[in-house]
There are 2 protein chains.
Amino acid sequence: MEFNLVNAAESQIHATGGRMTTQRRMILQALIECADHPTAEEIYQKVREKNPALNLSTVYRTLRWLEEHGLVNARRFDDDPRLERFDPVVEQGEDHFHFRCKKCNQITEFDTPLIEVVKTQFVDCFGGKVENATLVFYGLCAECLNLT
Amino acid sequence: MEFNLVNAAESQIHATGGRMTTQRRMILQALIECADHPTAEEIYQKVREKNPALNLSTVYRTLRWLEEHGLVNARRFDDDPRLERFDPVVEQGEDHFHFRCKKCNQITEFDTPLIEVVKTQFVDCFGGKVENATLVFYGLCAECLNLT
DNA sequence: GTGACTATTGCAAATAATTTGCAATAAATT
DNA sequence: AATTTATTGCAAATTATTTGCAATAGTCAC
């Protein structure tokens, strides 16, 4: 019913002559459990609790691999642009957008049909072809706004 | 008539007890001439043609300073996220959005009132407050599309 | 203009996130 | 169980950006 990252990864790996290792399994698991756009370091720490032998470069290599195979998106946010954050793909081919709270850094995902309209307007005006879009809102989430 | 980066910078600098130096003048000039979202390195090279003594860290410091004073925006694009690009502010307080061609890397700026609508929809749905927005389209510009 | 004050610069070294080379390890295949 | 080679761990490299500090050069008061 729902797109399953672990299964998708497993078939991709085998389809390309790759191997499903303990490390990859644990990294995938952590990615799903974190859910909230973790950094490589965060995933590393999480997996390390169970498997202290894991190396950070393995985390990076696995995330890159997942990214290249369309199973994970890498994102950076303007208020913390040095840190790459990783976002498992939930439904293939579907864009979604982000709101980031400037205070608590929590990320909210949302969707809107209007971006398609903007794409069309853009192409009508400038020509060319729009393949994908990144939209990020920055502000205060409901909770942080109430604390003000 | 048009917002003038050099003048704005000059008054900001003096207003905060700063000094207008040769380097700052040249960096501002290069920023205006480049126009197309240069990197620190690109500005550095451009200024160096006239003033080979300039140091890259001066470029970074100046750009940071301009950014902190709202005269320049720093941006990163998903297809080249390690590189910060700098975008002089043309009209204060106005958001604008970007299209980046995946082939020639050219950046096109555009604007749309629909983002305000999306912001409103977001707040209606999730609460909180949206302060600013980044929207980037990636695809092929008219020219590169025709070459296909 | 001249000198004094201190912001700014150049330089070199430090950071920090991410990548890479290589020998050791461990999945998969027979 | 043995073989093959993809993957790992480790340490070192890379790259963009930042920082400390002594030297330089704007600016202001005279």
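Note: hydrogens, waters and symmetry copies are ignored here, and every other heavy atom, side chains too, is used. Chain naming here is simple, since letters A, B, ... match the order of the sequence lines and numbering starts at 1 in each.
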Can you tell me how far [atom2] of [N] sits from [atom1] of [X], to the nearest Å?
X	N	atom1	atom2	result
R25(B)	dT8(C)	CZ	C1'	13 Å
M20(A)	dA28(C)	CE	C1'	13 Å
Q45(B)	dA16(D)	CD	C1'	15 Å
L54(B)	dA25(D)	CG	P	14 Å
E41(B)	dT15(D)	CD	C1'	11 Å
L56(A)	dT18(C)	CG	P	9 Å
R82(A)	dT15(C)	CZ	P	13 Å
H69(B)	dA7(C)	NE2	P	13 Å

Within the pair [X] and [N], is there a side-chain N or O less than 4.0 Å away from OP1 or OP2?
X	N	answer
S57(A)	dA12(D)	no
N55(B)	dC11(C)	yes
H14(A)	dA27(C)	no
R24(A)	dT7(D)	yes
Q23(B)	dG10(C)	yes
Y60(A)	dT19(C)	no
T21(B)	dA7(C)	no

In terms of ring plane angle, is the pair F137(A) and F110(A) parallel, tilted or perpendicular, where the classes change at 30° and 60°? parallel
Would you say Q45(A) and E41(A) are linked by a side-chain donor-acceptor pair, where the criterion is simply a distance under 3.5 Å? yes
Where the side chain of L83(B) is concerned, which of dT17(D), dA28(C), dT8(D) is the nearest nucleotide? dT17(D)
When you look at Y44(B) and T39(B), which way does the side-chain contact (heavy atoms from CB on, under 4.5 Å) test go after all the steps? CA-CA 9 Å; Y44(B) 174 59; T39(B) 62; over 6 Å; no
Position toward the 5' end of DNA chain D (nearest nucleotide), R76(B) or E10(B): R76(B)
Quick check on DNA chain D: between W65(A) and R48(A), whose nearest nucleotide comes earlier from the 5' end? W65(A)
A side-chain contact here means heavy atoms from C-beta on lying under 4.5 Å apart; do W65(A) and T16(A) qualify? yes
Between G17(B) and R61(B), just flag the one whose closest nucleotide in DNA chain C comes earlier from the 5' side. G17(B)
Students often get this wrong, so: under 4.0 angstrom with heavy atoms, is R64(B) touching a base, only sugar-phosphate, or nothing? sugar-phosphate
Show the nearest heavy-atom pair for residues R76(B) and P81(A), with the distance to one decimal. NE-CB, 3.2 Å
